[in-house]
Amino acid sequence: MSESKTIQNWWAQNPMTYGVEHGRSAFAEGDDLTLGTREFFDRLDREFYSWNTPLHGAKPFDRLFPFDRYSTQSKVLEVGCGLGTMAMNWARNGVQMTAVDLNPVSIAQTKARFALHDLKGEILQCDARTLDFPDATFDYVYSWGVIHHSPDIVQSVAEIMRVLKPGGGFGIMVYNRKSFLHWYMTEYLEGFLHLESDFIGPLERASRYGDGHREEGNPFTWPMTPQEMLDVAAPYSPDAKVRVLGTDLDQALTYMVPGLGMMLPVWAKKVWARRFGWSIWAHGHKAG
Amino acid sequence: MSGSVIGIFADPWPEDFGAARLTRRTMARLYQKALWYRANPRREDYMRRLFGEFYENGEFVDTRTVPDWGQKIETAERIVLLYPDAIGLGFLPIEREVLRCRRDIASVEALTGRRRRFQLGAERLWQLRLHRFLERSMLPELLFGVVFVVTTPVLLAIDWSRGRR
């Protein structure tokens, strides 16, 4: 089976539900919700938003996404829509929304979500490395926690830039290899303390101890470093920037030093979160 | 020797050790939950299936239900310690009993909840015991905590000098 098919199959069997177990639809309170229902989507969204609280203002993620710059005339693309939370928010913003994903379950679920909310959008299955759109189609393209699961991150970014109009905006979130979470949970705890370095190399460790780590891990995850992400985006974008997002820090501290996260004020955690958080946000505008 | 393979399973993790909700948020409970979360121990059914995958004709022995398991291993060709976590936290009494019954450590292996299999030699046992100490004591993490607290004001001063709040 090809690597792409392995990745696709794994995510189809284990969609990102933000549940207690990766791929399952039960949440902390114990409910086992049915995929595709309004109740499930509402619960998933609440959980997803709670993982990223500092990024929300009046609307979810509006401290990150330039919602006010894109309107009904704008074409927006999400690469890797998952179960459709962000695509839904962009569609509510009034844009002409297109969302793609390699995973057929994601496509079905996002279509179901759009139907439930009476939203219009094009939801298509395709590979991020070969986007099925002409050059310069979209005004804004974003991807949230997806292309680090692609065996060719560089090609995926190239495709994002290809389908973006000159001057169009982009925002790409990938996992950060220079983060507390990666250094501590993957490299120290599992790699060293739990002897995993004796058995598997860096890529396999990042995959095994990335999404789905409490079960058996996922087939492919390669976190980037901020510099690597800037190097990939900069050739296409004169104003490309990277920013480290540390919304995971509380959780990381909980398992590193129990109680420390509770004792520290927000401003103390911020100085570490912006340096060693789990996510890199690369953003800017395509040249032209 | 009987030619048999015996898998020795023990579960040092009480059912509610890593309960999602803790009724009292004391340091002890936080520590307990962190330890459980990090160890991510597998339960008996998982280890039984795993043992069957690796040792098709092996005999799975649960020490909780077979109190005289020590007698079973005396004549086994190979003994497999089934660690629910990665490094056998809580398995020291089992290992001591195995070594007491069987001085031949070359015939003893470990199969872990991370799906790793390895021979248990003197060096590996020493390594496991050191890593277990580090895991339970959280000594490196405590040292990190001190560094974290001491360094925070420095980083804060740097950020403020650059206009970042």
Side-chain angles (χ1 to χ4, degrees), chain A residues 19-22 26-30 180-181 183-200 204-205 208-209 212-217 243-244 246 249-276, chain B residues 18 20-21 25-42 46 83 85-89 110 112-118 124 127-128 130-136 138 140-149 151-160 162 164-165:
Chain A
V20 172
E21 272 182 44
H22 187 97
F27 296 88
E29 54 275 15
F180 276 144
L181 207 65
W183 281 333
Y184 181 71
M185 298 295 282
T186 301
E187 296 298 85
Y188 170 70
L189 187 68
E190 298 296 341
F192 167 69
L193 214 59
H194 293 169
L195 309 178
E196 286 288 83
S197 297
D198 289 357
F199 302 98
I200 53 178
E204 286 175 271
R205 281 200 301 278
R208 173 64 184 82
Y209 296 103
H213 68 98
R214 295 197 67 71
E215 291 74 45
E216 309 295 348
R243 184 179 148 196
V244 173
L249 191 70
D250 267 335
Q251 200 204 21
L253 287 177
T254 299
Y255 298 116
M256 286 170 78
V257 188
L260 181 61
M262 285 182 337
M263 290 188 285
L264 290 173
V266 171
W267 53 260
K269 288 185 269 196
K270 249 185 173 176
V271 299
W272 293 92
R274 61 170 59 118
R275 286 171 171 82
F276 304 114
Chain B
R21 287 211 172 92
R25 286 173 69 85
T26 62
M27 285 306 297
R29 296 292 184 125
L30 288 173
Y31 166 82
Q32 182 179 303
K33 188 177 177 187
L35 197 66
W36 171 83
Y37 184 88
R38 288 153 39 152
N40 194 18
R42 302 305 192 188
Y46 182 102
Y83 297 161
D85 62 311
I87 55 174
L89 287 170
T112 79
R114 297 290 195 277
R115 308 181 73 86
R116 309 298 177 208
R117 182 168 62 172
F118 48 85
R124 185 64 102 176
Q127 183 188 37
L128 287 170
L130 172 64
H131 286 214
R132 290 169 192 166
F133 167 74
L134 291 173
E135 178 121 40
R136 285 197 185 280
M138 295 192 184
E141 288 86 343
L142 291 172
L143 289 172
F144 168 78
V146 171
V147 169
F148 189 98
V149 169
T151 315
T152 295
V154 176
L155 294 180
L156 193 61
I158 292 171
D159 283 354
W160 280 6
R162 292 175 181 169
R164 296 188 79 179
R165 291 279 189 263

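Here is the naming used below: chain letters follow the sequence lines, and residue numbers restart at 1 for every chain.
Put simply, CD on E216(A) and CZ on R115(B) are 5.5 Å apart, with the number rounded to the nearest 0.5 Å. Interatomic distance, CD1 of I200(A) versus CZ of R116(B), reported as 4.5 Å (0.5 Å rounding). Here R117(B) contributes atom CZ and F199(A) contributes atom CZ; the two are 10.5 Å apart, rounded to the nearest 0.5 Å. In this structure, CD on Q127(B) lies 5.0 Å from CG on L195(A), to the nearest 0.5 angstrom. For the atom pair CG (L193(A)) and CD (E141(B)), the distance works out to 7.5 Å, reported to the nearest 0.5 Å. Note: L260(A) CG to L30(B) CG = 11.5 Å, rounded to the nearest 0.5 Å.
D198(A) places none of its side-chain heavy atoms less than 4.5 Å from the side chain of F118(B).
The two residues H194(A) and A39(B) make their nearest non-hydrogen contact at CE1-CA, 4.3 Å. Here the shortest heavy-atom pairing between M138(B) and M256(A) reads SD-O, 4.5 Å. The shortest heavy-atom contact between H213(A) and N40(B) is O-ND2, 3.9 Å.
Both the backbone and the side chain of F192(A) come within contact range of chain B, each with at least one heavy atom under 4.5 Å from a heavy atom of that chain. In this structure, the portion of L128(B) lying under 4.5 Å from any heavy atom of chain A is its side chain and not its backbone. Contact annotation for P140(B): only side-chain heavy atoms (C-beta onward) come within less than 4.5 Å of a heavy atom of chain A. When heavy atoms are compared at a cutoff of 4.5 Å, F148(B) approaches chain A by way of both its backbone and its side chain. L156(B) touches chain A through backbone and side chain together, each having a heavy atom under 4.5 Å away.
A centroid separation of less than 6.0 Å is found between the aromatic rings of F144(B) and F180(A).
Contact count versus chain A (heavy atoms, under 4.5 Å) is highest, among T152(B), L142(B), T112(B), for T152(B). Interface summary for chain B: among K269(A), E196(A), M185(A), R275(A), the most heavy-atom pairs under 4.5 angstrom belong to R275(A).
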Legend entry - K270(A) and R164(B): CA distance, side-chain angles, deciding distance, side-chain contact (heavy atoms from CB on, under 4.5 Å) verdict: CA-CA 10 Å; K270(A) 249 185 173 176; R164(B) 296 188 79 179; over 6 Å; no

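Using a 4.0 Å cut-off between charged side-chain N and carboxylate O, D159(B) and R274(A) make a salt bridge.
Seen from the ring of Y37(B), R214(A) counts as a face-on cation partner, given the 6.0 Å and 45° thresholds.
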